Amino acid sequence: MPWIQLKINTSGANAEQLGDALTENGAVCVTFQDTHDTPVFEPLPGETRLWGDTDVTGLFDAEWDMKTTVAALEQHPLLGAGFHHKIEQLEDKDWEREWMENFHPMRFGERLWICPSWRDVPDPSAVNVMLDPGLAFGTGTHPTTALCLEWLDSLDLAGKTVIDFGCGSGILAIAALKLGAARAIGIDIDPQAIQASRDNARRNGVEDRLALFLPQDKPNGLHADVVVANILAGPLRELAPLISILPAKGGVIGLSGILASQAESVCEAYQEIFSLEPIAEKAEWCRITGTKN
Ligand SMILES: C[S@@+](CC[C@H](N)C(=O)[O-])C[C@H]1O[C@@H](n2cnc3c(N)ncnc32)[C@H](O)[C@@H]1O
């Protein structure tokens, strides 16, 4: 079915309000994309997100009366009469296939490749993770996932136990296993992430070494040599007491999902228990790593 899209370029904190206005005026879905083309995380309640310049795009049924929608949006206090926008007719495409066609194998660090499960591997002698994220987050295209993959690739994981807190598609846990970890534990609040991780583990022949849990089901007394958590700054701060007890003494931690501007506040939550290393940055995101004292 063909669609019409209406795009408004806005700044900072206006994005969410304008997204709501599009929904209230007939958009069947709204997406946000920053001008650096980085997919945008949902901001947490009370968390100030650096949106930068943001494209807010509403998708409308091809039959939708866009004149009435534009007239209604002109009444919005953030827009006004003659507000700048772009309306486009979208050709009818298989959007899922389109996404799949744009997802290519990517290399992280020295040894690791993430390969869409429907493509050939570019280097059969490399450590190849075959991935279909399904409905879960985690393809390697986001800078935070990339920062975590590069960190895992830099570690000697032989025989180690790894916890992936917020496992999404399972990408980090499975990469750790293929890089030599003996076993991994993936934890996520989203049952679809648990399912995607299970499917990807099977795809990579590591299902026997990956245990998956919703947070409420995880066993007590879990410990690991390596803990990686790519969540967001808010949950990482809130979960610091819980995440900090997971690595054994001398174990290492890798945290991401953090905007560079939020790094200090996350470091504060972990620095008493971990000797933290210099922060790594990619685009506007960063990674915090450290060793348990
Ligand atoms: C940014 S995605 C990361 C996915 C993957 N690990 C990666 O690096 O691409 C964050 C994941 O954390 C999960 N998550 C968010 N809050 C969580 C919490 N409090 N406990 C466990 N998982 C959580 C989300 O459901 C989501 O799958």
Side-chain angles (χ1 to χ4, degrees), residues 32 38-47 49 103 106 108-109 112-117 129-155 162-179 181 184-201 204 206 210-219 222 224 226-246 253-259 262 266 269 280 282-289:
F32 303 95
T38 309
V40 174
F41 280 108
E42 277 294 307
L44 292 174
E47 183 133 299
R49 170 78 175 63
F103 181 23
M106 286 170 291
F108 299 90
L112 182 63
W113 282 84
I114 303 296
C115 304
S117 57
V129 173
M130 306 308 293
L131 199 87
D132 182 343
L135 294 175
F137 183 102
T139 57
T141 53
H142 197 272
T144 60
T145 310
L147 283 163
C148 293
L149 290 168
E150 285 161 8
W151 179 65
L152 290 171
D153 179 73
S154 74
L155 301 175
V162 177
I163 293 177
D164 177 2
F165 209 102
C167 58
S169 64
I171 185 169
L172 303 179
I174 296 166
L177 288 168
K178 296 204 86 169
L179 285 164
I185 297 132
I187 299 165
D188 205 292
I189 45 171
D190 179 358
Q192 284 180 330
I194 299 292
Q195 187 58 49
S197 296
R198 186 166 291 125
D199 293 345
N200 281 318
N204 287 279
V206 297
L210 177 61
L212 293 160
F213 300 105
L214 292 167
Q216 62 271 25
D217 300 335
K218 80 176 165 44
L222 268 188
V226 177
V227 175
V228 64
N230 179 15
I231 315 185
L232 278 175
L236 285 172
R237 282 191 297 262
E238 278 162 35
L239 292 167
L242 172 67
I243 292 178
S244 297
I245 56 169
L246 296 175
I253 195 164
L255 308 172
S256 195
I258 308 159
L259 289 163
Q262 301 167 324
V266 178
K282 201 180 271 291
E284 57 182 335
W285 300 93
C286 76
R287 179 192 70 211
I288 297 168
T289 52

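Since this is a predicted model, take the numbers as computed values, not measurements. One-based numbering along the sequence shown. We count ligands from 1, going down the list as the structure has it; atoms in each ligand are counted the same way.
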Per atom 24 (C) of ligand 1, closest listed option by heavy atom (L149, D188, V228):
D188
Minimum heavy-atom separation for N230 and G257, please, with both atom names.
OD1-N, 3.0 Å
Inter-residue atom distance I171.CD1 - L131.CG, 0.5 Å rounding
5.0 Å
At the 4.0 Å heavy-atom cut-off, does G257 count as touching ligand 1?
no
Is the closest side-chain donor-acceptor distance between N200 and S169 under 3.5 Å?
no
Which of these, T145, I194, L172, has its nearest heavy atom closest to atom 9 (O) of ligand 1?
T145
Going by heavy atoms in the side chains, are V129 and L149 under 4.5 Å from each other?
no
Value for OG (S154) from CG (L112), rounded to nearest 0.5 Å, stands at 11.0 Å
Test your reading of the structure: does G166 have an N or O sitting under 3.5 Å from an N or O of ligand 1?
yes
May I ask you to check if ligand 1 and N230 share an N or O to N or O distance below 3.5 Å?
yes
With a 4.5 Å heavy-atom cut-off, do I231 and E238 have their side chains touching?
no
How does S256 reach ligand 1, if at all, at less than 4.0 Å between non-hydrogen atoms: by side chain, backbone, both, or neither?
neither
With a 4.0 Å heavy-atom cut-off (strictly under), which part of I171 contacts ligand 1: side chain, backbone, both or neither?
side chain
Using heavy-atom distances, let me know which of I189, D164, L214, T141 sits nearest atom 17 (C) of ligand 1.
I189
Near L239 (heavy-atom distance under 4.0 Å), the atoms of ligand 1 are 19 (N)
Is any side-chain heavy atom of W285 closer than 4.5 Å to one of T144?
yes
If we number the atoms of ligand 1 from 1 as shown, the ones under 4.0 Å from a heavy atom of D190 are 25 (O)
